[in-house]
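Here is the structure we will look at, set down as C-alpha cells.
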Protein chains: 2
Amino acid sequence: MDSGLEQIKRVAHLPTRIASEFAKRIYEGSLQPGDKLPTEHMMAKTFGVSRTVVREAIAQLRSEGLVESRQGVGAFVLERPARQIYLDDAKAMDRHDFRSLYQLRIPLEMEAAALAAVHHTTAQMDALSAALSRITDTENWGGSGVEADLDFHRIIAEATGNIYFGQFIGAISDRISHVIVIARTEGQLEDVIAHTIEEHTAIRDAIRTKDPVVARAAMRRHLIGSAQRVGLSIEFYS
Amino acid sequence: MDSGLEQIKRVAHLPTRIASEFAKRIYEGSLQPGDKLPTEHMMAKTFGVSRTVVREAIAQLRSEGLVESRQGVGAFVLERPARQIYLDDAKAMDRHDFRSLYQLRIPLEMEAAALAAVHHTTAQMDALSAALSRITDTENWGGSGVEADLDFHRIIAEATGNIYFGQFIGAISDRISHVIVIARTEGQLEDVIAHTIEEHTAIRDAIRTKDPVVARAAMRRHLIGSAQRVGLSIEFYS
DNA sequence: TATTGTAATGTTGTCTGACAACATGATAGG
DNA sequence: CCTATCATGTTGTCAGACAACATTACAATA
C-alpha cells in the first residue's frame, strides 16, 4: 500500500480535531484556568458539526484533565496540575517495586539535601522546622506522622531551588506513601520513633549549617536507617 | 450543606462510569491488548443507556490511550506503554529548565553507572559496545549520533537491574534529546567529538571492570565534561 | 479451480430533534 | 428585604436516521 495514497484518503476524526484545537488554546494560554469554553451549541455552529461531535470532543478534554463540565452551566478550563511528572499508579506496588523505587530515591534525596543546604530560604527553614514539629508531636504515627515526614522531604526538595527535584521527589513520595503508612501501622516501637525523629532533626540542623557535605551525610544516615527499620537491604554507591 | 445529603443526591456521570468499568477491566487484565470491546450497540443494551453515552465513554478511553476505534470494525484495547513515568512536554524547554533537569540527571546517571557495573549481563555489555560503535561511527553527529548516545545511557540504566532507573533516565532523555540535537548541530568541533567518544569508551570500559566506584567516577567525568562543552555550569555534590 | 466483482450484513461516525435535569437571573408577593 | 416562582439558557441523555467503512458470502468469469 502506497503511503501517499493512504495519507490523501484519511480524514481526521472530528471530535479529536476539535479537542486538539481547545487543548492547543489551553496550552498556549489563550484559555486560562477558570475560563469558560463556548457553549456546545455555539461550538457546533462555529465548527459546522453536530452537537454529538462537540460532546465527544469535550469528553476527550475532560478525560485529559483539561476541563470539567458543570451541568446547566458550561465547561471550564481546569488548573493544570503543577506536577509535571507522573508516575503510573495503576498497579499496586509490591515489595520489590518499593525497594527499587527506594533505591532510586536515595541519590536524589542526598543530592537534594546538599543543594538545600546551599539554597534554602528563611521561610523554607521555618517550614522545615514546622514539619519536624509535626513529626515529633504527632499522636498518629502512621497517619499524619507520615504526611509530616513526606512534607519534610518535599520542603527539602523545594529548597534545592530546582523545580525538578521537587517534582521528582514529590512524585516518588506519592507513590510510596501508602506503603510507608502500612509499615508504620504494623510496627510502632518507641526506639524506632525516637531514631526517626533524631535523624530528621539532624537533617534539619545539618541543612541549617549551610554545609552541603554535612547535609548530604545526614540524609544518607537517615535513608540507611530508614531502610533498615523496614527490613530493606538496599545496595547503593552514593 | 450536609455532606451526607450531597452524597445521596449525586449521581455519577454515565459515560464516566462506563469508561471506568472498561479501564478497570483493562488494568486488571481481563481485557488484553488487541482484544475487541463489545460493539456500541451491545454495550448500550448491556448497560441500559443510549448509544451517545457509550460513544462518550469510548471517547474518554481513547483519550486515555487505552483503546483505539476502527470505523466499521470496533474498538480495540491498545498496548499499554511500557513507560510508567511521564514527563510533561507541553511547554518548550528553555535553558534554565535544561540546566535544572541536567542537574537532577547527574546523581541518577552516576548511581546507574555504579549499579550497572555490578549487575550488567553479557548481552547488555554487547548492546553497550554496539551503541558505542554507533556513536563512534556516525556521520551525523547531531542526528543518529544523539540517538546512539542516549541509547548508550538507557542501556546503562537498564543494566542497573532496577526498572525505575530505566524509566526515569529514559523519561529525562526523551525530554532533553532535542536540546542536545540543537547543541550538536550548532557546534561540531573535532576535539569535542573526540572527547565525547573517549569519555563514553571510558564509561563502557569502567563498567566492564565490574567495579562500581570506578564506573561511577567515569560517568561523573563524562557528565562534567559534557556540561562544560555546552557551556553549562552545574552545581552538584555527588 | 482460482480469481474478481457484487450484494448483504454489521459496525462506527455523524447528524437531527426531543426531553430531562440543572443553573441562573428576573420578577412578584409577603 | 427575603422568599418563591417563572423564564431562559445550558448540559446530560435518549432515539432515530443516514453516511462511511469493513467483512463475508455468493455468483460470474477465465
Roughly how many Å is it from CG in B/Leu14 to P in D/dA15, rounded to a whole number? 12 Å

Residue mapping more 5' on DNA chain C - nearest nucleotide basis, A/Gly72 or A/Val49: A/Val49

Could A/Arg25 and A/Glu21 be called an ion pair, given the rule that one side-chain N must be under 4.0 Å from one carboxylate O? yes

Send over the distance from A/Met43 CE to D/dT10 C1', rounded to a whole Å. 11 Å

Taking the side chain as C-beta and beyond, is there a heavy-atom pair between A/Ser69 and A/Ile58 under 4.5 Å? yes

Check every strand shown and say whether B/Ser69 touches a base, only sugar-phosphate, or nothing at a heavy-atom separation below 4.0 Å. sugar-phosphate

Interatomic distance, A/Ile156 atom CD1 to A/Glu109 atom CD [nearest 0.5 angstrom]: 7.0 Å

Could you tell me whether a side-chain N or O of A/Tyr164 sits under 3.5 Å from a main-chain N or O of B/Tyr102, the two making a donor and an acceptor? no

Just the rounded figure in Å: distance from C1' of C/dG10 to NZ of B/Lys36. 10 Å

Taken to the nearest whole Å, NZ/A/Lys45 to P/C/dT16 is 13 Å

Out of D/dT11, C/dT12, D/dT13, which nucleotide sits closest to the side chain of A/Glu40? D/dT11

Between P on C/dA20 and CD on A/Gln71, what's the gap in Å once rounded to a whole number? 13 Å

Atom-to-atom span, CZ of B/Arg51 to P of C/dT14 - whole angstrom: 11 Å

Most 5' of A/Val73 and A/Thr52 on DNA chain D, judged by nearest nucleotide: A/Val73

Base, sugar-phosphate alone, or nothing: which one does A/Arg70 contact when heavy atoms must sit under 4.0 Å apart? sugar-phosphate

Rounded to the Å, how far apart are B/His13 NE2 and C/dA20 P? 19 Å

For atom CZ of B/Arg55 and atom P of D/dT13, their distance in whole Å: 15 Å

Any side-chain N or O of A/Ser50 below 4.0 angstrom from OP1/OP2 of C/dT14? no

Atom OH of A/Tyr27 and atom CG of A/Leu66: how far apart are they, to the nearest 0.5 Å? 4.5 Å

